[in-house]
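Please read the structure below before turning to the comments.
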2 protein chains.
Amino acid sequence: MYARTPADLGRLVRWRRRALARTQQALADQVGVSRQWIVRLEAGRSTLEVGLVMRTLRALGLTIEISDPAEPAPVVLPHRPIDLDEVLAAVRRNP
Amino acid sequence: MYARTPADLGRLVRWRRRALARTQQALADQVGVSRQWIVRLEAGRSTLEVGLVMRTLRALGLTIEISDPAEPAPVVLPHRPIDLDEVLAAVRRNP
DNA sequence: CAGACTTGTCATCGTTCGGCGACATCAGCT
DNA sequence: AGCTGATGTCGCCGAACGATGACAAGTCTG
């Protein structure tokens, strides 16, 4: 899940918190912030402390990865992997 | 590159900025912040505005991905792909 | 080495953040 | 419908953020 803006972040945090069936207060207690701060984060406020944001993501069991999108995408295996043994057996039967 | 703390972020931003051969002032101008703010970010300050941090990462051509580490890692191909034609030719020569 | 450029540090100012308390509103259950 | 718990909103206060200017220190090049 990509986060381009604080609004993206806010939506993500709310979704995750609900997925974990947690209240704003419980999350706030875990992170060590006020419930109102969680409300602001979920509302997509851009002026929040980045350190607290990172702690909150961590409290939700999420990781933050920063990467360069210009790097080539990893090659993805086809849905049905080729059965190498089958191919080799066929060649052995009929080279 | 995972970022767990603002200090991680700061190191990453500095590394990337230097990789792009940019000065702090140039980056600051691009993002619309003061140079001193960039200094603080690179120093790993935790109390900076998250919106500005996200904008800075974007200005450096970086993306932010938030994910659940419990999800299975994607299958990655080995560094040297198997040359199927070679394998098949070998079997044809010596089944 | 000197000079130019870059980065680090400090202090000040106006604005606003985060915590708090309080209340309003919404959501779910019986 | 009433009740309970969860969430949204508002205002106030002290702390500190971000911009600015200035200077110190570090780095690089000819």
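Please read these numbers as outputs of a predicted model, since none were measured by experiment. Note on naming: letters A, B, ... go to the chains in the order of the sequence lines (proteins, then strands), and numbering restarts at 1 for each one. Values below: every heavy atom of this structure, side chains too, minus hydrogens, waters and symmetry copies.
- A:R18 contributes atom CZ, which lies 12.0 Å from atom OG1 of A:T23 (distance to the nearest 0.5 angstrom).
- Listed by first and then second residue, the salt bridge (Lys or Arg N to Asp or Glu O under 4.0 Å) pairs involving residues 31-47 of chain A are A:R14-A:E42, A:R17-A:E42 (not counting sequence neighbours).
- Take B:R16 and apply the side-chain hydrogen bond (donor to acceptor under 3.5 Å, both in side chains) test, not counting sequence neighbours, and it matches A:D68.
- Qualifying salt bridge (Lys or Arg N to Asp or Glu O under 4.0 Å) partners for A:R11, counting only residues two or more places apart in sequence or in other chains: A:D8.
- With sequence neighbours left out, A:D29 forms a salt bridge (Lys or Arg N to Asp or Glu O under 4.0 Å) with no residue at all.
- Axis deviation across the helix from C:dC1-D:dG30 to C:dT30-D:dA1 amounts to 60°, comparing end segments of five pairs, rounded to 10 degrees.
- Taking each heavy atom of B:G51 and A:P6 in turn, the nearest pair found is CA-CG, 3.7 Å.
- A side-chain donor-acceptor contact under 3.5 Å links B:T63 to the backbone of A:S67.
- Qualifying side-chain hydrogen bond (donor to acceptor under 3.5 Å, both in side chains) partners for B:Q36, counting only residues two or more places apart in sequence or in other chains: none.
- Counting heavy atoms from C-beta on, the side chains of B:V53 and B:W37 come closer than 4.5 Å.
- Within the model, atoms OG1 of B:T56 and CG of B:L9 stand 10.0 Å from one another, a figure rounded to the nearest 0.5 Å.
- A search for side-chain hydrogen bond (donor to acceptor under 3.5 Å, both in side chains) contacts involving A:R55 returns nothing, not counting sequence neighbours.
- To the nearest 0.5 angstrom, A:L20 atom CG is 6.0 Å from A:L60 atom CG.
- Taking the 5' to 3' direction, DNA chain C first and last meets chain A under 4.0 angstrom from a heavy atom at C:dC17 to C:dA22.
- For the segment residues 11-21 of chain A, the set of residues with a heavy atom within less than 4.0 Å of an atom of DNA chain D comprises A:R14, A:R17, in numerical order.
- In this structure, CD1 in A:I64 is found 8.5 Å from CG in A:L62, a value given to the nearest 0.5 Å.
- Within residues 26-36 of chain A, the residues that have a heavy atom under 4.0 Å from DNA chain D are, in order of number, A:R35, A:Q36.
- Checked against side-chain hydrogen bond (donor to acceptor under 3.5 Å, both in side chains), A:E65 has no partners two or more places apart in sequence or in another chain.
- Expressed to the nearest 0.5 Å, how far CG of B:L12 lies from CG of B:L57 amounts to 7.0 Å.
- Within residues 38-61 of chain A, the residues that have a heavy atom under 4.0 Å from DNA chain D are, in order of number, A:V39.
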